[in-house]
Amino acid sequence: MNKISYIDEEDISGKRVLLRADFDVALDAHNAIADDFRIKQRIPTLQHLLKNKNKIICVSKLGRPKERDPKLSLKIIVQRLRRYLPGIKIRLINDFLTEKPSVFANQQPDEILVLENIRYYPQEKQNDKAFAQKLAALADVYVNDAFAMCHRPEASVVGVPQFLPSYAGLQLKQEIKMITAVISTPKKPLVVIIGGAKISTKIAVISRLIEIADYVILGGGLANVFFRAERYLIGSSICEYEMVLKARQLLYLAEQQGTKIILPTDVLFGDPDNTEKRGVVVKIKDNKIPKGKMILDIGPETKALYGSIIAKAKTVIWNGPVGLFENPAYRQGTDFIYYAIAHNIDAISIVGGGDTLSAISNKQYLTNITHVSTGGGAMLEFIEKGALPGIEALKK
Ligand code: ADP
Ligand code: MG
(Lines give C-alpha, C1' and ligand atoms only; values in the text may rest on other atoms or scores of the structure.)
(Ligands and ions follow the chains in the order given, each with its own letter.)
Protein backbone atom coordinates (compact mmCIF):
# COMPACT_ATOMS: atom_id res chain seq x y z
CA MET A 1 0.00 0.00 0.00
CA ASN A 2 1.16 3.47 -0.86
CA LYS A 3 0.53 5.08 2.48
CA ILE A 4 1.87 8.06 4.37
CA SER A 5 2.69 7.56 8.05
CA TYR A 6 1.95 10.47 10.38
CA ILE A 7 3.96 11.13 13.53
CA ASP A 8 0.89 11.10 15.80
CA GLU A 9 -0.30 7.73 14.48
CA GLU A 10 2.97 5.85 14.95
CA ASP A 11 5.23 5.21 17.91
CA ILE A 12 8.29 7.39 17.45
CA SER A 13 10.13 7.66 20.73
CA GLY A 14 13.73 7.85 21.88
CA LYS A 15 14.83 8.33 18.28
CA ARG A 16 17.18 10.74 16.56
CA VAL A 17 14.81 12.62 14.26
CA LEU A 18 15.87 14.65 11.23
CA LEU A 19 13.02 17.16 10.91
CA ARG A 20 12.66 19.00 7.61
CA ALA A 21 11.07 22.07 9.15
CA ASP A 22 10.04 25.23 7.35
CA PHE A 23 11.48 28.30 9.03
CA ASP A 24 11.59 30.28 5.78
CA VAL A 25 10.09 33.42 7.33
CA ALA A 26 9.66 36.85 5.75
CA LEU A 27 12.45 39.27 6.74
CA ASP A 28 12.19 43.04 7.03
CA ALA A 29 14.60 45.65 5.62
CA HIS A 30 16.94 45.13 8.61
CA ASN A 31 17.01 41.34 8.16
CA ALA A 32 14.91 40.81 11.27
CA ILE A 33 11.91 38.46 11.32
CA ALA A 34 8.92 40.32 9.86
CA ASP A 35 6.42 37.56 10.53
CA ASP A 36 7.09 34.33 12.46
CA PHE A 37 3.91 32.45 11.52
CA ARG A 38 5.99 29.68 9.93
CA ILE A 39 7.96 29.19 13.15
CA LYS A 40 4.82 29.10 15.31
CA GLN A 41 3.25 26.55 12.97
CA ARG A 42 6.09 24.08 13.63
CA ILE A 43 5.78 24.20 17.44
CA PRO A 44 3.14 21.40 17.75
CA THR A 45 5.33 18.97 15.80
CA LEU A 46 8.40 19.93 17.82
CA GLN A 47 6.49 19.51 21.10
CA HIS A 48 5.04 16.18 20.02
CA LEU A 49 8.50 14.81 19.20
CA LEU A 50 10.03 16.26 22.39
CA LYS A 51 7.29 14.74 24.56
CA ASN A 52 8.29 11.31 23.29
CA LYS A 53 11.96 11.87 24.19
CA ASN A 54 13.20 12.21 20.64
CA LYS A 55 16.36 14.12 19.79
CA ILE A 56 15.49 16.56 17.04
CA ILE A 57 17.80 17.90 14.36
CA CYS A 58 16.06 20.63 12.33
CA VAL A 59 16.77 21.34 8.69
CA SER A 60 15.43 24.43 6.91
CA LYS A 61 16.29 27.00 4.31
CA LEU A 62 15.91 30.76 4.70
CA GLY A 63 15.65 32.88 1.57
CA ARG A 64 17.56 31.94 -1.53
CA PRO A 65 21.31 32.10 -0.81
CA LYS A 66 23.62 30.68 -3.50
CA GLU A 67 26.43 30.28 -0.94
CA ARG A 68 27.12 31.18 2.71
CA ASP A 69 25.49 34.54 3.44
CA PRO A 70 25.47 35.80 7.05
CA LYS A 71 22.32 37.83 6.32
CA LEU A 72 20.42 34.57 5.84
CA SER A 73 21.77 32.68 8.85
CA LEU A 74 19.28 30.65 10.90
CA LYS A 75 20.64 32.35 14.04
CA ILE A 76 17.53 34.54 14.23
CA ILE A 77 15.35 31.43 13.90
CA VAL A 78 17.16 29.74 16.80
CA GLN A 79 16.63 32.84 18.95
CA ARG A 80 12.92 32.90 18.18
CA LEU A 81 12.53 29.15 18.79
CA ARG A 82 14.00 29.63 22.28
CA ARG A 83 11.17 32.05 23.03
CA TYR A 84 8.50 29.50 22.02
CA LEU A 85 10.20 26.49 23.64
CA PRO A 86 11.32 27.61 27.09
CA GLY A 87 13.47 25.08 28.94
CA ILE A 88 14.74 23.48 25.75
CA LYS A 89 18.38 23.98 24.74
CA ILE A 90 18.54 25.04 21.11
CA ARG A 91 21.83 25.14 19.32
CA LEU A 92 22.86 26.22 15.83
CA ILE A 93 25.22 23.89 13.95
CA ASN A 94 27.32 26.08 11.71
CA ASP A 95 28.40 23.28 9.36
CA PHE A 96 27.13 19.76 9.98
CA LEU A 97 29.66 18.32 7.52
CA THR A 98 32.64 19.43 9.62
CA GLU A 99 31.08 19.55 13.13
CA LYS A 100 32.63 17.35 15.82
CA PRO A 101 30.74 14.01 15.88
CA SER A 102 30.50 14.30 19.68
CA VAL A 103 28.07 17.22 19.34
CA PHE A 104 25.56 14.87 17.71
CA ALA A 105 26.50 11.85 19.84
CA ASN A 106 26.02 13.79 23.09
CA GLN A 107 22.74 15.44 22.13
CA GLN A 108 20.17 15.27 24.95
CA PRO A 109 16.39 14.76 24.56
CA ASP A 110 15.76 18.30 25.80
CA GLU A 111 18.18 19.71 23.25
CA ILE A 112 17.37 20.67 19.66
CA LEU A 113 20.08 21.05 17.06
CA VAL A 114 19.34 23.37 14.13
CA LEU A 115 21.51 22.95 11.06
CA GLU A 116 22.59 26.19 9.39
CA ASN A 117 20.66 27.30 6.25
CA ILE A 118 20.59 24.18 4.08
CA ARG A 119 20.70 26.26 0.88
CA TYR A 120 24.25 27.30 1.85
CA TYR A 121 25.09 23.93 0.31
CA PRO A 122 24.65 23.81 -3.48
CA GLN A 123 24.08 20.04 -3.19
CA GLU A 124 20.70 20.74 -1.57
CA LYS A 125 19.11 22.17 -4.71
CA GLN A 126 20.91 19.63 -6.89
CA ASN A 127 19.35 16.84 -4.83
CA ASP A 128 22.83 15.33 -4.53
CA LYS A 129 22.59 11.73 -3.38
CA ALA A 130 25.80 11.66 -1.30
CA PHE A 131 24.71 14.86 0.43
CA ALA A 132 21.29 13.40 1.24
CA GLN A 133 23.03 10.34 2.63
CA LYS A 134 25.17 12.50 4.92
CA LEU A 135 22.05 14.22 6.23
CA ALA A 136 20.33 10.88 6.72
CA ALA A 137 23.35 9.55 8.63
CA LEU A 138 22.63 12.07 11.42
CA ALA A 139 19.34 10.41 12.37
CA ASP A 140 17.25 7.25 12.79
CA VAL A 141 14.06 8.63 11.21
CA TYR A 142 13.03 11.48 8.93
CA VAL A 143 10.03 13.74 9.46
CA ASN A 144 8.81 16.25 6.87
CA ASP A 145 6.83 19.18 8.23
CA ALA A 146 7.51 21.60 5.38
CA PHE A 147 4.52 21.58 3.05
CA ALA A 148 5.66 24.77 1.27
CA MET A 149 8.80 22.89 0.12
CA CYS A 150 7.09 19.71 -1.06
CA HIS A 151 6.94 20.75 -4.72
CA ARG A 152 10.72 21.17 -4.74
CA PRO A 153 12.75 17.98 -5.40
CA GLU A 154 15.70 18.93 -3.17
CA ALA A 155 17.98 16.73 -1.07
CA SER A 156 16.36 17.46 2.30
CA VAL A 157 12.87 17.01 0.81
CA VAL A 158 13.04 13.98 -1.50
CA GLY A 159 16.62 12.70 -1.07
CA VAL A 160 16.79 11.93 2.65
CA PRO A 161 13.53 9.88 2.81
CA GLN A 162 15.11 7.32 0.47
CA PHE A 163 17.49 6.37 3.27
CA LEU A 164 15.36 6.54 6.44
CA PRO A 165 11.93 5.50 7.75
CA SER A 166 9.90 8.62 6.91
CA TYR A 167 6.86 10.37 8.35
CA ALA A 168 4.76 13.48 7.87
CA GLY A 169 4.62 16.01 10.72
CA LEU A 170 1.46 17.55 12.15
CA GLN A 171 1.41 20.64 9.95
CA LEU A 172 2.02 18.65 6.77
CA LYS A 173 -0.70 16.24 7.87
CA GLN A 174 -3.19 19.07 8.20
CA GLU A 175 -2.27 20.45 4.77
CA ILE A 176 -2.66 17.05 3.10
CA LYS A 177 -5.97 16.24 4.82
CA MET A 178 -7.56 19.66 4.36
CA ILE A 179 -6.64 20.26 0.76
CA THR A 180 -7.45 16.69 -0.27
CA ALA A 181 -10.87 16.88 1.38
CA VAL A 182 -11.75 20.19 -0.24
CA ILE A 183 -10.60 19.18 -3.70
CA SER A 184 -12.14 15.71 -3.75
CA THR A 185 -15.61 16.62 -2.50
CA PRO A 186 -16.04 20.37 -2.29
CA LYS A 187 -19.30 21.73 -0.91
CA LYS A 188 -20.87 23.84 -3.64
CA PRO A 189 -20.78 26.58 -4.66
CA LEU A 190 -17.00 26.46 -4.79
CA VAL A 191 -15.57 29.94 -5.28
CA VAL A 192 -11.90 30.39 -6.15
CA ILE A 193 -10.12 33.74 -5.99
CA ILE A 194 -6.80 33.97 -7.80
CA GLY A 195 -4.70 37.13 -7.71
CA GLY A 196 -1.01 37.93 -7.87
CA ALA A 197 1.38 39.30 -10.40
CA LYS A 198 1.93 36.64 -13.04
CA ILE A 199 -0.59 34.43 -14.80
CA SER A 200 2.22 32.20 -16.14
CA THR A 201 2.88 30.82 -12.63
CA LYS A 202 -0.80 29.98 -12.08
CA ILE A 203 -2.18 29.04 -15.48
CA ALA A 204 -2.07 25.27 -14.90
CA VAL A 205 -3.95 25.46 -11.62
CA ILE A 206 -6.52 27.87 -13.06
CA SER A 207 -7.24 25.36 -15.86
CA ARG A 208 -7.72 22.63 -13.25
CA LEU A 209 -9.89 24.84 -11.02
CA ILE A 210 -12.16 25.74 -13.93
CA GLU A 211 -13.08 22.05 -14.00
CA ILE A 212 -14.16 21.87 -10.36
CA ALA A 213 -15.18 25.40 -9.34
CA ASP A 214 -18.45 27.28 -9.87
CA TYR A 215 -16.80 30.71 -9.89
CA VAL A 216 -13.20 31.63 -10.65
CA ILE A 217 -12.69 35.23 -9.54
CA LEU A 218 -9.58 36.95 -10.87
CA GLY A 219 -7.76 40.04 -9.63
CA GLY A 220 -4.30 41.59 -9.36
CA GLY A 221 -1.76 41.88 -12.13
CA LEU A 222 -2.82 38.63 -13.76
CA ALA A 223 -6.31 40.00 -14.48
CA ASN A 224 -4.68 42.50 -16.85
CA VAL A 225 -3.95 39.67 -19.29
CA PHE A 226 -7.68 38.93 -19.40
CA PHE A 227 -8.50 42.61 -19.93
CA ARG A 228 -6.22 42.50 -22.97
CA ALA A 229 -7.86 39.23 -24.07
CA GLU A 230 -11.08 41.25 -24.21
CA ARG A 231 -9.21 44.18 -25.83
CA TYR A 232 -9.59 46.75 -23.05
CA LEU A 233 -6.89 49.37 -22.57
CA ILE A 234 -4.67 48.89 -19.52
CA GLY A 235 -2.20 51.81 -19.80
CA SER A 236 1.23 50.85 -18.47
CA SER A 237 -0.03 48.10 -16.14
CA ILE A 238 2.03 44.95 -15.70
CA CYS A 239 0.93 42.34 -18.24
CA GLU A 240 2.38 39.15 -19.67
CA TYR A 241 1.30 39.92 -23.22
CA GLU A 242 2.51 36.53 -24.45
CA MET A 243 -0.22 34.93 -22.32
CA VAL A 244 -3.16 36.80 -23.86
CA LEU A 245 -3.99 33.99 -26.27
CA LYS A 246 -3.88 31.48 -23.41
CA ALA A 247 -6.28 33.70 -21.44
CA ARG A 248 -8.75 33.62 -24.35
CA GLN A 249 -8.52 29.81 -24.34
CA LEU A 250 -9.27 29.75 -20.61
CA LEU A 251 -12.33 31.95 -21.10
CA TYR A 252 -13.52 29.52 -23.76
CA LEU A 253 -12.80 26.47 -21.58
CA ALA A 254 -14.77 28.03 -18.72
CA GLU A 255 -17.75 28.65 -20.97
CA GLN A 256 -17.69 25.00 -22.07
CA GLN A 257 -17.55 23.84 -18.44
CA GLY A 258 -20.27 26.19 -17.25
CA THR A 259 -17.81 27.82 -14.84
CA LYS A 260 -18.01 31.57 -14.44
CA ILE A 261 -14.76 33.50 -14.74
CA ILE A 262 -15.32 36.85 -13.07
CA LEU A 263 -13.09 39.83 -13.85
CA PRO A 264 -12.97 43.23 -12.15
CA THR A 265 -15.44 45.69 -13.69
CA ASP A 266 -13.71 48.72 -12.17
CA VAL A 267 -10.17 49.35 -10.93
CA LEU A 268 -7.93 51.91 -9.24
CA PHE A 269 -5.08 53.23 -11.34
CA GLY A 270 -2.10 55.34 -10.29
CA ASP A 271 1.64 55.20 -9.64
CA PRO A 272 3.01 52.19 -7.76
CA ASP A 273 5.57 54.18 -5.77
CA ASN A 274 3.24 56.96 -4.65
CA THR A 275 1.97 56.09 -1.16
CA GLU A 276 0.36 59.50 -0.54
CA LYS A 277 -2.19 59.80 -3.30
CA ARG A 278 -5.18 57.46 -3.61
CA GLY A 279 -5.72 55.81 -6.98
CA VAL A 280 -8.34 56.95 -9.48
CA VAL A 281 -11.44 54.76 -9.94
CA VAL A 282 -12.45 53.89 -13.51
CA LYS A 283 -14.68 51.34 -15.20
CA ILE A 284 -12.65 48.94 -17.33
CA LYS A 285 -15.11 49.14 -20.24
CA ASP A 286 -14.64 52.95 -20.44
CA ASN A 287 -11.02 52.46 -21.61
CA LYS A 288 -9.81 55.47 -19.59
CA ILE A 289 -6.51 54.27 -18.14
CA PRO A 290 -3.84 56.67 -19.43
CA LYS A 291 -0.43 55.64 -20.72
CA GLY A 292 2.11 55.84 -17.89
CA LYS A 293 -0.46 54.84 -15.24
CA MET A 294 -0.95 51.35 -13.81
CA ILE A 295 -3.93 49.36 -12.58
CA LEU A 296 -3.07 48.72 -8.92
CA ASP A 297 -6.24 47.55 -7.13
CA ILE A 298 -9.85 46.52 -7.68
CA GLY A 299 -12.54 49.23 -7.53
CA PRO A 300 -15.67 49.62 -5.33
CA GLU A 301 -18.15 48.09 -7.80
CA THR A 302 -15.88 45.03 -8.13
CA LYS A 303 -15.65 44.70 -4.35
CA ALA A 304 -19.44 44.64 -4.10
CA LEU A 305 -19.67 42.03 -6.86
CA TYR A 306 -16.91 39.81 -5.42
CA GLY A 307 -18.28 40.21 -1.90
CA SER A 308 -21.73 39.00 -2.95
CA ILE A 309 -20.30 35.90 -4.64
CA ILE A 310 -18.01 35.06 -1.71
CA ALA A 311 -20.90 35.52 0.75
CA LYS A 312 -22.86 32.72 -0.96
CA ALA A 313 -19.94 30.29 -1.22
CA LYS A 314 -19.84 27.01 0.70
CA THR A 315 -16.18 26.49 -0.16
CA VAL A 316 -13.59 29.20 -0.84
CA ILE A 317 -10.02 28.85 -2.08
CA TRP A 318 -7.93 32.04 -2.20
CA ASN A 319 -4.41 32.62 -3.46
CA GLY A 320 -2.85 35.91 -4.50
CA PRO A 321 -3.39 39.55 -3.52
CA VAL A 322 -5.79 41.42 -5.83
CA GLY A 323 -3.68 44.60 -5.78
CA LEU A 324 -0.28 46.07 -5.02
CA PHE A 325 -0.96 45.59 -1.29
CA GLU A 326 2.60 46.52 -0.28
CA ASN A 327 1.59 50.12 -1.00
CA PRO A 328 -1.08 51.08 1.60
CA ALA A 329 -2.91 53.12 -1.05
CA TYR A 330 -3.65 49.87 -2.92
CA ARG A 331 -4.27 47.28 -0.24
CA GLN A 332 -7.99 47.83 0.32
CA GLY A 333 -9.11 45.35 -2.31
CA THR A 334 -7.00 42.57 -0.77
CA ASP A 335 -8.21 43.49 2.73
CA PHE A 336 -11.79 43.39 1.46
CA ILE A 337 -11.37 39.91 -0.04
CA TYR A 338 -9.91 38.73 3.26
CA TYR A 339 -12.83 40.05 5.34
CA ALA A 340 -15.40 38.74 2.86
CA ILE A 341 -13.95 35.24 3.32
CA ALA A 342 -13.45 35.52 7.09
CA HIS A 343 -17.04 36.73 7.57
CA ASN A 344 -18.58 33.85 5.64
CA ILE A 345 -18.58 31.55 8.63
CA ASP A 346 -20.62 28.86 6.82
CA ALA A 347 -17.94 28.26 4.24
CA ILE A 348 -14.91 26.01 4.35
CA SER A 349 -12.01 28.27 3.40
CA ILE A 350 -8.44 27.63 2.32
CA VAL A 351 -6.08 30.58 1.99
CA GLY A 352 -2.46 30.24 0.90
CA GLY A 353 0.53 31.85 -0.74
CA GLY A 354 3.60 33.65 0.59
CA ASP A 355 2.45 37.15 -0.30
CA THR A 356 -1.17 36.40 0.51
CA LEU A 357 -0.19 35.36 4.03
CA SER A 358 1.94 38.43 4.59
CA ALA A 359 -1.01 40.55 3.43
CA ILE A 360 -3.29 39.01 6.08
CA SER A 361 -0.85 38.04 8.82
CA ASN A 362 -1.90 40.43 11.57
CA LYS A 363 -5.61 40.46 10.84
CA GLN A 364 -8.58 39.80 13.09
CA TYR A 365 -10.78 36.72 12.59
CA LEU A 366 -7.91 34.56 11.29
CA THR A 367 -9.42 31.62 13.17
CA ASN A 368 -12.48 31.94 10.91
CA ILE A 369 -10.33 30.70 8.02
CA THR A 370 -10.63 26.91 8.01
CA HIS A 371 -7.14 26.30 6.75
CA VAL A 372 -4.30 28.77 6.30
CA SER A 373 -1.86 26.98 4.01
CA THR A 374 1.82 27.84 4.21
CA GLY A 375 2.26 26.71 0.65
CA GLY A 376 1.94 29.07 -2.29
CA GLY A 377 3.44 27.20 -5.23
CA ALA A 378 3.07 23.93 -3.30
CA MET A 379 -0.62 24.52 -2.57
CA LEU A 380 -1.38 25.35 -6.20
CA GLU A 381 0.57 22.37 -7.54
CA PHE A 382 -1.08 20.04 -5.01
CA ILE A 383 -4.52 21.28 -6.07
CA GLU A 384 -3.57 20.88 -9.70
CA LYS A 385 -1.95 17.42 -9.57
CA GLY A 386 -3.17 15.89 -6.30
CA ALA A 387 0.45 14.93 -5.53
CA LEU A 388 3.81 16.54 -4.75
CA PRO A 389 7.33 15.04 -4.93
CA GLY A 390 8.00 15.65 -1.22
CA ILE A 391 4.77 13.90 -0.23
CA GLU A 392 5.25 10.99 -2.64
CA ALA A 393 8.73 10.48 -1.15
CA LEU A 394 7.13 9.69 2.24
CA LYS A 395 4.94 6.91 0.87
CA LYS A 396 5.81 3.31 1.59
P1 ADP B 1 1.39 34.64 -3.55
O2 ADP B 1 2.81 34.76 -3.06
O3 ADP B 1 0.40 34.86 -2.45
O4 ADP B 1 1.15 33.37 -4.32
P5 ADP B 1 2.00 36.18 -5.90
O6 ADP B 1 3.45 36.03 -5.61
O7 ADP B 1 1.45 35.45 -7.05
O8 ADP B 1 1.14 35.84 -4.58
O9 ADP B 1 1.67 37.71 -6.16
C10 ADP B 1 1.88 38.70 -5.21
C11 ADP B 1 2.38 39.96 -5.83
O12 ADP B 1 1.49 40.43 -6.83
C13 ADP B 1 2.49 41.06 -4.80
O14 ADP B 1 3.83 41.50 -4.73
C15 ADP B 1 1.57 42.15 -5.33
O16 ADP B 1 2.05 43.45 -5.14
C17 ADP B 1 1.53 41.82 -6.80
N18 ADP B 1 0.35 42.45 -7.45
C19 ADP B 1 -0.94 42.19 -7.25
N20 ADP B 1 -1.71 42.98 -8.01
C21 ADP B 1 -0.89 43.77 -8.74
C22 ADP B 1 -1.06 44.78 -9.72
N23 ADP B 1 -2.28 45.16 -10.10
N24 ADP B 1 0.02 45.36 -10.25
C25 ADP B 1 1.25 44.98 -9.86
N26 ADP B 1 1.51 44.02 -8.94
C27 ADP B 1 0.46 43.42 -8.39
MG1 MG C 1 4.63 35.33 -4.04
Side-chain angles (χ1 to χ4, degrees), residues 7 12 14-25 27 31-33 36 38-39 41-43 45-50 52-146 149 152 154-161 163-164 166-167 169:
I7 56 165
I12 306 171
K15 293 276 195 296
R16 294 180 304 157
V17 176
L18 191 83
L19 173 66
R20 183 47 170 101
D22 177 10
F23 301 134
D24 199 359
V25 297
L27 301 177
N31 285 304
I33 296 174
D36 68 1
R38 285 190 162 172
I39 299 178
Q41 269 202 321
R42 303 278 135 12
I43 301 301
T45 287
L46 288 166
Q47 279 170 335
H48 180 89
L49 292 169
L50 287 169
N52 294 327
K53 302 270 178 264
N54 295 291
K55 298 175 188 173
I56 307 167
I57 301 167
C58 293
V59 178
S60 177
K61 81 172 183 84
L62 177 61
R64 292 173 180 165
K66 295 253 173 337
E67 54 190 9
R68 277 195 181 254
D69 174 356
K71 288 201 289 294
L72 293 172
S73 167
L74 293 198
K75 206 167 148 186
I76 49 171
I77 305 294
V78 167
Q79 286 161 350
R80 189 60 59 96
L81 277 171
R82 287 186 184 129
R83 196 189 291 175
Y84 289 121
L85 295 168
I88 303 294
K89 278 178 248 130
I90 306 176
R91 176 163 170 182
L92 184 68
I93 304 295
N94 186 47
D95 180 6
F96 77 96
L97 294 174
T98 58
E99 183 63 68
K100 288 193 295 289
S102 61
V103 170
F104 295 100
N106 298 334
Q107 184 182 359
Q108 299 302 309
D110 61 351
E111 181 182 14
I112 294 176
L113 303 179
V114 177
L115 305 190
E116 188 51 287
N117 195 333
I118 200 70
R119 284 273 188 96
Y120 282 180
Y121 306 88
Q123 303 96 307
E124 164 69 356
K125 250 182 109 83
Q126 294 156 1
N127 187 16
D128 183 89
K129 192 172 167 190
F131 181 74
Q133 248 163 335
K134 282 181 190 145
L135 278 170
L138 300 174
D140 308 310
V141 302
Y142 170 81
V143 173
N144 185 334
D145 206 29
M149 289 303 299
R152 304 215 182 268
E154 301 185 0
S156 70
V157 181
V158 298
V160 179
F163 303 109
L164 290 176
S166 299
Y167 305 86

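Predicted model, so just to flag it, every value in this text is computed and none were measured.
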Inset, instruction - Say whether, by atom type as modelled, one donor and one acceptor occur between the side chain of Q108 and the main chain of N106 under 3.5 angstrom. - result: yes

Inset, instruction - Please name the pair of heavy atoms, one in N94 and one in Y121, separated by the smallest distance, quoted to 0.1 Å. - result: O-OH, 4.1 Å

Legend entry - D95-Y120 side chain donor-acceptor pair, cut-off 3.5 Å: no

Inset, instruction - For R91 and E111, indicate whether the former's side chain and the latter's backbone hold a donor-acceptor pair under 3.5 Å. - result: no

Inset, instruction - Write down the atom of A139, the atom of L164, and the distance for their closest heavy-atom approach. - result: O-CD2, 3.5 Å

Legend entry - Nearest heavy atoms of E124 and I118, plus distance in Å: CB-O, 3.4 Å

Legend entry - Spacing of L115 atom CG and S156 atom OG [to the nearest 0.5 Å]: 9.5 Å

Legend entry - Contact summary for G159 and A132, nearest pair of heavy atoms: C-CB, 3.7 Å

Inset, instruction - Decide if atom NZ of K89 counts as having more than 12 heavy atoms of other residues, nucleotides or ligands within a radius under 6.0 Å. - result: yes

Legend entry - Side-chain ion pair, R68 and E116, N-O less than 4.0 Å: no

Inset, instruction - Could you check S60, P161, S166 and say which one makes a side-chain contact (heavy atoms from CB on, under 4.5 Å) with R20? - result: S60

Legend entry - N54 side chain vs I12 backbone, donor-acceptor pair below 3.5 Å: yes

